[in-house]
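Counting begins at 1 with the first residue of the sequence. Since this is a predicted model, take the numbers as computed values, not measurements. Start at 1 and go down the list; that is how both ligands and their atoms are numbered.
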Amino acid sequence: MSTFDEVIAADRRIEPRDDMPEAYRATMIRQIAQHAHSEIIGMQPEGIWITRAPSLRRKAILLAKVQDEAGHGLYLYSAAETLGVDRTDLTERLISGKQKYSSIFNYPTLSFADVGVIGWLVDGAAICNQVPLCRSSYGPYARAMIRVCKEESFHQRQGYELLLTMMRGTDAQRAMVQDAVDRWWWPSLMMFGPPDDDSPNTARSMAWKIKRHTNDELRQRFVDMSVPQAEVLGVTLPDPELRWNAERGEHDFGTPDWAELRRVIEGDGPCNAERVENRRWAHEDGAWVRDAAAAHARKKELAA
Ligand code: FAQ
């Protein structure tokens, strides 16, 4: 039987029953739980637009997308449970503020253009971050990511298509899109985490092949990917320092406001309190469903 280090060195997958260092288990639980919480909390900013979608087609697309995010949360909680934690405990840790979720979902959605921009930029950033996670060293997480990425790809396209449609519309619609891009660009860059020299987990997570690229590498990739897409759309990215650097073969870009990222992660973003309060309410409101499911399972067990 191979040891943990041999499996990692050979680039094979660690599976739930394999030996693993406790710190590896703790890191995986942290990352997968934070990721699951992000998917579930991430339903809120777009979910409030389902009843206000401008057409039946847009409503159907948005409903499907928000439901997909719920599904991602469920695959991820299941992946976390393979590491010996309980989903109820994880939810409690989220509600009590002991576990984090992505900073991006603490910003408000002010118009329907935000739905398009979340699809384009937020799902786009999620794809950039998550495609390499399909090769992450923990088997259940890597496998969950394959399906998640396929669905995120649909999300990104629906967002971009919505924005293209709005950009072909009226001046007011074009202004809504530009305003949404101005508000979401910098928070999207922050989704990749703090800069590498201030990222306590990166070195070890890279050595364990949980992460395949650093936060800054993925942020750069996202900027390079987004610039031509912004040109096709006809929007301006709100960064005066953004320009092609022929020597590096990449774009130069400005520095995100890292103090803002720290504040938002620590709970002081524009919508943190509302997001967590909604989650707490939904969890308590759903208690009867969990009780009924447990009673049904007990009844089946007794009958067997
Ligand atoms: N927000 O040392 P690092 C989505 C935390 S899913 C909040 O760099 P690491 C789909 C970090 O966890 C979006 N916290 O950490 C969707 C760590 O916490 P600790 C979620 C952040 O883990 C779309 C501390 O700061 N995606 O969008 C953030 O090596 C549309 C130090 O940071 C994932 O979770 C942040 N932005 O790298 C849904 C992907 N950045 O140890 C609905 C998986 C860092 O103090 C609608 N996760 N932190 O407790 C990852 O790839 C990594 O965990 C990183 C952070 C890259 C997020």
Novice: Quick one: which ligand 1 atoms are inside 4.0 Å of a heavy atom on Met191?
Specialist: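 What qualifies from ligand 1 is 27 (O), 36 (N).
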Novice: What is the closest protein heavy atom to atom 44 (C) of ligand 1, and at what distance does it sit?
Specialist: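 Closest protein heavy atom to atom 44 (C) of ligand 1: Pro194 CD, 3.6 Å.
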Novice: What do we get for Asn129 next to ligand 1 when only non-hydrogen atoms under 4.0 Å count, side chain, backbone, both or neither?
Specialist: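 Side chain only.
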Novice: According to salt bridge (Lys or Arg N to Asp or Glu O under 4.0 Å), who are the partners of Arg212, at least two apart in sequence or on a separate chain?
Specialist: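 Checked Arg212 against salt bridge (Lys or Arg N to Asp or Glu O under 4.0 Å); matches are Asp11.
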Novice: State, yes or no, whether a side-chain contact exists between Gln173 and Val177 at a heavy-atom distance under 4.5 Å.
Specialist: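 SC-SC contact between Gln173 and Val177 ruled out.
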Novice: What residue and atom, counting heavy atoms only, is the protein's closest point to atom 48 (N) of ligand 1, and at what distance?
Specialist: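 In this structure, atom 48 (N) of ligand 1 has Ile265 CD1, 3.8 Å as its nearest protein heavy atom.
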Novice: Parallel, tilted or perpendicular for Tyr24 and Trp208, by the 30°/60° rule?
Specialist: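 Tyr24 vs Trp208 ring planes: perpendicular.
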Novice: Quick one about Gln130 and His35 (side-chain donor to acceptor, distance below 3.5 Å, no hydrogens or angles considered), yes or no?
Specialist: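 On atom types as modelled, these side chains qualify, holding a pair under 3.5 Å.
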Novice: List every atom of ligand 1 that sits less than 4.0 Å from any heavy atom of Gly193, numbering the atoms from 1 in the order shown and giving each element.
Specialist: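 Once the distances to Gly193 are compared, the set is 40 (N), 44 (C).
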Novice: To which protein heavy atom is atom 5 (C) of ligand 1 closest, and what is the distance rounded to 0.1 Å?
Specialist: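 Result for atom 5 (C) of ligand 1: Lys100 CD, 3.9 Å.
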Novice: Are Glu22 and Arg25 ion-paired here, with the side-chain N under 4.0 Å from a carboxylate O?
Specialist: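 Yes, charged N to carboxylate O under 4.0 Å.
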Novice: Output the list of atoms in ligand 1 that are nearer than 4.0 Å to some heavy atom of Ala126, sorted by atom number.
Specialist: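 Near Ala126, the atoms of ligand 1 are 4 (C), 27 (O).
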Novice: Could you see which bit of Arg30 sits under 4.0 Å from ligand 1, with heavy atoms only: side chain, backbone, both or neither?
Specialist: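 For Arg30, the contact with ligand 1 is made by the side chain alone.
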Novice: Look at Arg263 together with Glu266 and state whether they make a salt bridge at an N to O cut-off of under 4.0 Å.
Specialist: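 Salt bridge between Arg263 and Glu266, a charged N being under 4.0 Å from a carboxylate O: no.
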Novice: Look at atom 54 (C) of ligand 1 and say whether a protein heavy atom is found at less than 4.0 angstrom from it.
Specialist: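 Protein heavy atom within 4.0 Å of atom 54 (C) of ligand 1: absent.
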Novice: What is the closest protein heavy atom to atom 12 (O) of ligand 1, and at what distance does it sit?
Specialist: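 Answer, as residue, atom name and distance: Gln34 OE1, 2.5 Å.
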Novice: Would you say Glu152 touches ligand 1, if touching means a heavy atom closer than 4.0 Å?
Specialist: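 Per 4.0 Å heavy-atom rule, Glu152 contacts ligand 1.
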Novice: Determine whether any heavy atom of Gln130 lies closer than 4.0 Å to an atom of ligand 1.
Specialist: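 Yes, Gln130 has heavy atoms under 4.0 Å from ligand 1.
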Novice: Counting only heavy atoms closer than 4.0 Å, does ligand 1 sit against the backbone of Met190, its side chain, both, or neither?
Specialist: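 Backbone only.
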Novice: Applying a strict 4.0 Å limit to heavy atoms, is Lys65 in contact with ligand 1?
Specialist: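 True for this residue.
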Novice: Give the atoms of ligand 1, by number and element, whose distance to some non-hydrogen atom of Phe192 is under 4.0 Å.
Specialist: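 Listed by number with element, the hits are 56 (C).
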Novice: Check each heavy atom of Ser103 against ligand 1 and say whether those closer than 4.0 Å belong to the side chain, the backbone, both or neither.
Specialist: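 The answer is both, backbone and side chain.
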Novice: May I ask you to identify, for Asn215, whether its side chain, its backbone, both or neither come under 4.0 Å of ligand 1 on a heavy-atom basis?
Specialist: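 Asn215 to ligand 1: side-chain contact only, backbone stays beyond 4.0 Å.
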Novice: Tell me the contacting part of Phe105 for ligand 1: side chain, backbone, both, or neither, using a 4.0 Å heavy-atom threshold, strictly below.
Specialist: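 For Phe105, only side-chain atoms sit under 4.0 Å from ligand 1.
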Novice: Report the part of His35 (side chain from C-beta onward, or backbone N, CA, C, O) that has a heavy atom under 4.0 Å from ligand 1; answer both or neither where that applies.
Specialist: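 Both backbone and side chain.
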Novice: I'd like to check which ligand 1 atoms, numbered from 1 as shown, lie under 4.0 Å from a non-hydrogen atom of Tyr141.
Specialist: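 Those qualifying, in numeric order: 43 (C).
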Novice: May I ask you to check if ligand 1 and Ser199 share an N or O to N or O distance below 3.5 Å?
Specialist: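 It does: an N or O of Ser199 is found under 3.5 Å from an N or O of ligand 1.
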Novice: Regarding ligand 1, does Lys211 bring an N or O atom to under 3.5 Å of one of the ligand's N or O atoms?
Specialist: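 Yes: some nitrogen or oxygen of Lys211 is under 3.5 Å from one in ligand 1.
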Novice: Go through ligand 1 atom by atom and flag the ones less than 4.0 Å from a non-hydrogen atom of Glu39.
Specialist: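 Those qualifying, in numeric order: 6 (S), 10 (C), 16 (C), 38 (C).
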Novice: With the threshold set at under 4.0 angstrom, would you say Met43 reaches ligand 1 through any of its heavy atoms?
Specialist: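 It does not; every heavy atom stays at 4.0 Å or beyond.
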Novice: Going by the closest heavy atom to atom 41 (O) of ligand 1, which one wins out of Thr202, Asn201, Asp216?
Specialist: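 Looking at heavy atoms only, Asn201 sits closest to atom 41 (O) of ligand 1.
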Novice: With a 4.0 Å heavy-atom cut-off (strictly under), which part of Gln31 contacts ligand 1: side chain, backbone, both or neither?
Specialist: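 Side chain only; the backbone of Gln31 stays clear of ligand 1.
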Novice: If you measure from each heavy atom of Pro200 to ligand 1, is any distance below 4.0 Å?
Specialist: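 For ligand 1, residue contact (heavy atoms, under 4.0 Å) with Pro200 is present.
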